[in-house]
Amino acid sequence: QVQLVESGGGLVQAGGSLRLSCAASGRTVSTYTMGWFRQAPGKEREFVTAISRSGDSTYYADSVKGRFTISRDYAKNTVYLQMYSLKPEDTAVYYCAAVASRTAYSNPREYDYWGQGTQVTVSS
C-alpha cells in the first residue's frame with residue numbers, strides 16, 4: 001500500500017502560480033502511475049494530469065495543457081504539480097492518486113490510492 005499526502009494549496013490571484021506536492025509513504029511511487037485530479041463544488045472529479053512509472057510519459061487535460069507541469073522526484077518519493085497562469089476556473093480541491101495499472105491514467109475509478117486533497121482557490 002501507499003499513503004499520499006498533498007500540500008501546497010492556497011489562495012492565489014489569477015495569473016499566479018502554485019506548486020503542489022504529493023508525498024508518498026509505504027511503497028515507492030516508481031511502482032505506480034501517479035495522477036492529479038481536481039473537484040470543484042457541484043462537479044465531478046476530473047483528470048488533470050498523470051505521469052508514468054518511469055516518468056517518460058506525461059498526460060494532460062486540454063484545459064491545463066501548456067500551463068501545468070507534472071514531475072516526480074524518486075529520491076524524495078514525491079510527485080509535483082507546477083501550475084502557472086492560474087485561472088478562476090482552476091479553483092478546486094486537488095487530489096493526488098496512484099494506480100498500479102500500466103495502462104490507466106485518466107479514469108479516476110481505476111486509481112487505487114488517494115490523498116486527502118488540498119484546496120486551490122484562484123481569485124479574479
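Hydrogens, waters and symmetry mates are skipped; everything else that's a heavy atom, side chains included, is used.
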#### Entry: Check: E46 and E44 side chains under 4.5 Å, non-hydrogen atoms
no
### Query
W114, V48: one ILVMFWY side-chain cluster at the under-4.5 Å cut-off?
no
### Query
Taking R19 for the side chain and Q82 for the main chain, is one N or O donor matched with an acceptor at less than 3.5 Å?
no
### Query
Do NZ/NE/NH1/NH2 and the carboxylate oxygens of D62 and K65 come within less than 4.0 Å?
yes
### Message
Under a 3.5 Å distance rule, please check whether D73 uses its side chain to pair with a backbone N or O of T78 as donor and acceptor.
### Response
no
### Task
May I ask you to decide if Y59's main-chain N or O and T49's side chain share a donor-acceptor pair within less than 3.5 Å?
yes
### Query
Does Y84 offer a backbone N or O that forms a donor-acceptor pair with the side chain of S17 under 3.5 Å?
no
### Query
Taking the side chain as C-beta and beyond, is there a heavy-atom pair between R53 and S30 under 4.5 Å?
no
### Query
With distance as the sole criterion, is a donor-acceptor pair present between the side chains of R38 and Y94 under 3.5 Å?
yes
### Summary
Residues Q39 and K43: closest non-hydrogen pair is NE2-O, 3.1 Å
### Query
Under 3.5 Å, side chain of T91 to main-chain N/O of V122, donor-acceptor pair present?
yes
### Query
Does the side chain of S123 come within less than 4.5 Å of Q13's, by heavy atoms?
yes
### Nearest-0.5 Å distance that lies between atom OG in S101 and atom CG in D112
8.0 Å
### Message
Looking at Y80, I'd like to know if the NZ or CZ of R72 sits under 6.0 Å from its six-membered ring centre while staying within 45 degrees of the ring's axis.
### Response
no
#### Entry: N/O donor-acceptor pair under 3.5 Å between N77 side chain and Y74 backbone
no
### Query
Is the ring centre of F37 less than 6.0 Å from the ring centre of Y95?
no
### Non-hydrogen side-chain atoms of T33 and I51 separated by less than 4.5 Å
no
### Query
Is the closest side-chain heavy-atom distance between Y32 and V99 below 4.5 Å?
no
### Query
Between A40 and A92, which heavy-atom pair has the shortest distance, and what is it?
N-CB, 3.8 Å
### Message
Has E6 got a side-chain atom pairing as donor or acceptor with G117's backbone, closer than 3.5 angstrom?
### Response
yes
### Query
Are any of the side-chain heavy atoms of Y60 and I70 separated by less than 4.5 Å?
yes
### Query
Considering all heavy atoms of both residues, which atom of L4 and which atom of M34 are nearest to each other, and what is their separation?
CD2-CE, 3.9 Å
### Message
Ignoring hydrogens, what is the shortest heavy-atom contact between A14 and S124? Give both atom names and the distance.
### Response
CB-CA, 4.3 Å
### Query
Do V93 and M83 belong to the same hydrophobic cluster, where Ile, Leu, Val, Met, Phe, Trp and Tyr are linked whenever their side-chain heavy atoms lie under 4.5 Å apart, directly or via other members?
no
## Note on the structure
From the list Y113, Y111, W36, side-chain contact (heavy atoms from CB on, under 4.5 Å) with C96 holds only for W36
### Query
Are L18 and V120 close enough that some pair of their side-chain heavy atoms sits under 4.5 Å apart?
yes
